[in-house]
Amino acid sequence: SAFGVAVLKRLAANPAVEGVTLLLSPTGKRCLVDETGLGPKDLAAFDPKVRLQDERDLGAAISSGSHRQDGMAVVPCSAGALGRIAAGISESLVSRAADVCLKERRPLVLCLRETPLNRIHLENMLKLSRLGVTILPANPGFYNRPTQVEAMVDFIVARVLDQFGIANDL
């Protein structure tokens, strides 16, 4: 969850970003509280540009290809969400918005949080990669010799922002 919070903060703070729609699955909400002590409303309070969207609202604007958006990052992404996206199962706004990115050929970045991976996970990642999805596991590098957890988180955040062409100094 730390990766998702950090990506959200960077997007909200970037003047080139007009707005951010925040989606949290029920499991994502639970992990957010367990891992960071924050709730969905805490994240929405980071910046007025952040709009918390109910992930059960399949009628939301982002569920339609006619809604213009720059893309989507699922940070973190569970193996279950990855599988539903790979299978085109749009039972929630998270998977539907990802499906819209696929059909409209918009950037979609999935930061997988699972380890170890089984063959199903790997096949789903390969299937999505062949469709143009960026699979970006939340595995920080150590060649920059980080001394704090924040530096390891920033390593991944920079990679996510890079996928959308968002300038950063991380």
Side-chain angles (χ1 to χ4, degrees), residues 1-33 36 38-114 124-138 156-168 170:
S1 296
F3 296 110
V5 171
V7 168
L8 180 66
K9 283 182 177 179
R10 288 291 179 156
L11 288 172
N14 190 310
V17 175
E18 293 179 18
V20 180
T21 301
L22 173 62
L23 301 174
L24 291 162
S25 68
T27 304
K29 290 176 189 174
R30 170 75 188 266
C31 288
L32 179 67
V33 172
T36 68
L38 299 171
K41 290 183 181 177
D42 297 318
L43 297 184
F46 284 158
D47 191 281
K49 289 194 282 190
V50 177
R51 183 172 152 244
L52 182 61
Q53 180 70 54
D54 185 340
E55 70 95 30
R56 296 168 297 177
D57 183 5
L58 293 176
I62 63 171
S63 71
S64 172
S66 62
H67 174 72
R68 292 299 307 156
Q69 62 180 351
D70 294 328
M72 180 177 180
V74 182
V75 185
C77 183
S78 68
L82 178 105
R84 287 185 293 279
I85 293 166
I89 299 170
S90 299
E91 93 301 350
S92 72
L93 190 52
V94 172
S95 55
R96 174 60 189 161
D99 189 43
V100 168
C101 286
L102 285 170
K103 77 182 190 75
E104 298 295 330
R105 293 179 171 49
R106 294 181 184 140
L108 176 58
V109 177
L110 304 180
C111 290
L112 196 66
R113 69 177 281 145
E114 307 291 337
N124 284 335
M125 286 189 280
L126 181 58
K127 179 179 182 178
L128 288 168
S129 179
R130 287 179 174 147
L131 294 172
V133 175
T134 299
I135 307 297
L136 200 158
I156 297 299
V157 173
R159 301 302 306 249
V160 172
L161 298 177
D162 287 346
Q163 296 304 307
F164 293 96
I166 297 173
N168 66 82
L170 299 173

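Quantities reported herein were computed from a predicted structural model and do not represent experimental measurements. Atom set for the values below is all heavy atoms of this structure, side chains included, hydrogens, waters and symmetry mates excluded.
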Are Ile89 and Ser95 close enough, and set up right, to give a side-chain contact (heavy atoms from CB on, under 4.5 Å), and what steps lead you there? CA-CA 7 Å; Ile89 299 170; Ser95 55; 5.7 Å; no
Side-chain heavy atoms of [X] within contact of [Y], under 4.5 Å:
| X | Y | value |
| --- | --- | --- |
| Val100 | Arg106 | yes |
| Val75 | Ile156 | no |
| Pro107 | Phe164 | yes |
| Arg10 | Ile166 | no |
| Gln69 | Thr21 | no |
| Leu11 | Leu161 | yes |
| Cys111 | Val160 | yes |
| Lys127 | Val133 | no |

Considering all heavy atoms of both residues, which atom of [X] and which atom of [Y] are nearest to each other, and what is their separation?
| X | Y | result |
| --- | --- | --- |
| Thr36 | Ala2 | CG2-N, 4.2 Å |
| Ile85 | Leu108 | CG2-CD2, 4.3 Å |
| Phe46 | Leu38 | CZ-CD1, 4.3 Å |
| Leu32 | Gly39 | CD2-C, 3.7 Å |
| Gln163 | Val109 | CB-CG2, 3.7 Å |
| Ala79 | Glu114 | N-OE2, 3.2 Å |

For residues Ser64 and Ser66, is any side-chain donor paired with an opposing acceptor at under 3.5 Å? yes
Among all residues two or more places apart in sequence or in another chain, which pass the salt bridge (Lys or Arg N to Asp or Glu O under 4.0 Å) test with Arg56? Asp54
As an exercise, state the distance from [atom1] of [X] to [atom2] of [Y], rounded to the nearest 0.5 Å.
| X | Y | atom1 | atom2 | answer |
| --- | --- | --- | --- | --- |
| Leu131 | Lys103 | CG | NZ | 14.5 Å |
| Asn168 | Asn14 | CG | CG | 8.5 Å |
| Leu22 | Asp47 | CG | CG | 12.0 Å |
| Leu128 | Ile135 | CG | CD1 | 5.0 Å |
| Asp99 | Ser63 | CG | OG | 10.5 Å |

Keeping Lys49 on the side-chain end and Val20 on the backbone end, is there a donor-acceptor pair under 3.5 Å?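 The answer is no, because no donor-acceptor pair under 3.5 Å joins these two groups.
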Report yes or no: does Ser92 contribute a side-chain atom to a donor-acceptor pair with the main-chain N or O of Glu55 at less than 3.5 Å? no
side-chain contact (heavy atoms from CB on, under 4.5 Å) assessment of Met72 paired with Val94: CA-CA 10 Å; Met72 180 177 180; Val94 172; 4.2 Å; yes
For residues 62-85, which residue pairs qualify under salt bridge (charged side-chain N to carboxylate O under 4.0 Å, His left out), counting only residues two or more places apart or in two chains?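 Sorted pair list: Arg84-Glu91.
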